[in-house]
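Because the structure is predicted, anything quoted here is derived from the model rather than measured. Atoms considered below: every heavy atom in the structure, side chains included; atoms not considered: hydrogens, waters and symmetry mates. Residue numbers start from 1 in every chain, and the chains themselves are labelled A, B, ... in the order their sequence lines are given, proteins ahead of strands.
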Protein chains: 2
Amino acid sequence: MSPIAHIVDDDEAIRDALTWLFRSRHVDSRAWPSAEAFLADWCDDLRGCLVLDVRMGGMSGLQLFDLLSERGSRLPVIFLSGHGDIPLAVAAVKKGAFDFVEKPFNDNELVDRVIRAMKFDASRKEPDPNAAVAAARLNQLTPREREVMERILAGKYNKVIADELNIAMRTVEVHRARIFEKMGVKSAVELAQLLSGNR
Amino acid sequence: MSPIAHIVDDDEAIRDALTWLFRSRHVDSRAWPSAEAFLADWCDDLRGCLVLDVRMGGMSGLQLFDLLSERGSRLPVIFLSGHGDIPLAVAAVKKGAFDFVEKPFNDNELVDRVIRAMKFDASRKEPDPNAAVAAARLNQLTPREREVMERILAGKYNKVIADELNIAMRTVEVHRARIFEKMGVKSAVELAQLLSGNR
DNA sequence: GGAGGGGTTGCGGATAACCACAATTGTTCA
DNA sequence: TGAACAATTGTGGTTATCCGCAACCCCTCC
């Protein structure tokens, strides 16, 4: 999904104005006339930001925001509000809205905020790649290897591990080597970091 | 520190009103007439919440808030603002203010918010005990030991470390032993876990 | 029945970690 | 100036890790 400014407002004049405004500043955008219409197109990998009118016919902007939050959306949201309602603004920001702008808004300022939101979104990391890598590698381990690994991470000596598992030290060494190989590390320290760095 | 509502406002009438209001609702409070006065008494283990006027003579409420943030204060802050300024409210909340209330405020509502803030503060966990322990122990390390530790955590052999630091392997061994001793661990693996578990 | 994978073990050697004992240098602080 | 501490090094020995080579057992799947 390429990053665009998603506009949701039931006022056609505003939609057009925003569309034109964004285009003039080379920000790609697309507009929807209602929360419902936007939801129909929504998927969780939209990128960019969402410019959302607070007050709309049908589902309100706040309701849409809550719904998206429940669905795990992390798209930054900039609220547009027509009436200086501080409690509303505070509530929205506390719930994680990226920004809250009063209408009538200053064009340049709004675009700046939109761009800031889009940059924020762009800098947003995919779910920790490290964790994914670690998880994938963990799955390659056999059950027995996992048992050994636990004990390696507990800082135990091979001898102790062998004792606990009632196997020869040599066997532990073999497991150990295969664990390191599969996990792509070359020492127990690295292993510990790989696994505890992302908890 | 027992939890109290800390009031900072340069308007004596407001201070008195709030003090009376809180007392009537069995919320302990104490008031200061300026940010500077509050700062003089501030320490990082104040508990409860801070009710803070945005606009004051001398240091403003926002400035005080920023300063406290820098100092690592985690006391929840409820801003009082006399003029419905949405950008200000949004900025404050985005920076981590707990709430933002317009003057004139509804007494009951304000107290409810204060109580909510104080409950939030009470439920706030002490800084991760592990992190505290690790940090405290880290401080016991000499600079040289820290250098060695970095390299141990990189999974390097004593020989390599000795080489990098241009010292004898034996010296590295000594440092290593002292690091383990001071950090209260008995292996590099434990060390890695202690330090990466809380990052 | 043979191939493959997982788990197991032994032997022997190279390399590294760990440790007790002992000692030197430089700096800081009382 | 002497105590205390950080940093340094050496000797010699014990213990662990790490690995290649070789092998056996058990189970599954084709």
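- Straight-line distance from the CZ atom of Phe180(A) to the C1' atom of dA16(D): 13 Å, rounded to whole Å.
- Within 4.0 Å (heavy atoms only), Met169(B) reaches no atom of the nucleic acid at all.
- In this structure, the side chains of Leu191(B) and Val189(A) stay at 4.5 Å or more apart for every pair of heavy atoms.
- Along DNA chain C, the nucleotide nearest Val172(A) and the nucleotide nearest Tyr157(A) are compared for position; the residue whose nucleotide lies closer to the 5' end is Val172(A).
- Under 4.0 angstrom from either OP1 or OP2 of dT17(D) there lies at least one side-chain N or O belonging to Asn158(A).
- Atoms CD (Glu173(B)) and C1' (dT9(D)) sit 11 Å apart, rounded to a whole Å.
- Residue contacts for Thr171(B): at a heavy-atom cut-off of 4.0 Å it reaches a base atom on one of the strands shown.
- In this pair, Phe38(A) and Trp32(A) present their aromatic rings perpendicular. The plane angle is above 60°, beyond the 30 to 60° band.
- At a threshold of 4.0 angstrom between heavy atoms, the contacts of Arg170(B) include nucleobase atoms, whether or not backbone atoms are also involved.
- Atoms NZ (Lys186(A)) and P (dC18(D)) sit 11 Å apart, rounded to a whole Å.
- Within the 4.5 Å cutoff, no side-chain heavy atoms of Ser29(B) are placed close to those of His6(B).
- For the pair Leu165(B) CG and dA6(D) P, the interatomic distance rounds to 18 Å; values are reported in whole Å.
- Each of Glu145(B) and Ser187(A) was matched to the nucleotide of DNA chain D holding its nearest heavy atom; the match closer to the 5' end belongs to Glu145(B).
- Counting to the nearest Å, the C1' atom of dC19(D) and the NE2 atom of His175(A) are 16 Å from each other.
- A donor atom on one side chain and an acceptor atom on the other are found under 3.5 Å apart for Arg25(A) and Asn108(A).
- From the 5' end on, the contacts that DNA chain C makes with chain B at under 4.0 Å to a non-hydrogen atom open and close at dA16(C) to dC21(C).
- Using a cut-off of 4.0 Å between Lys/Arg side-chain N and Asp/Glu carboxylate O, Asp28(A) and Arg23(A) are scored as not salt-bridged.
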Exercise. Going through the distances and angles, do Phe79(A) and Phe65(A) end up as a ring-ring contact (aromatic ring centres under 6.0 Å, His included)?
Worked result: CA-CA 9 Å; Phe79(A) 276 108; Phe65(A) 178 73; 5.4 Å; yes
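- One finds the CG atom of Leu62(A) at 12.5 Å from the CG atom of Leu67(A) (value rounded to the nearest 0.5 Å).
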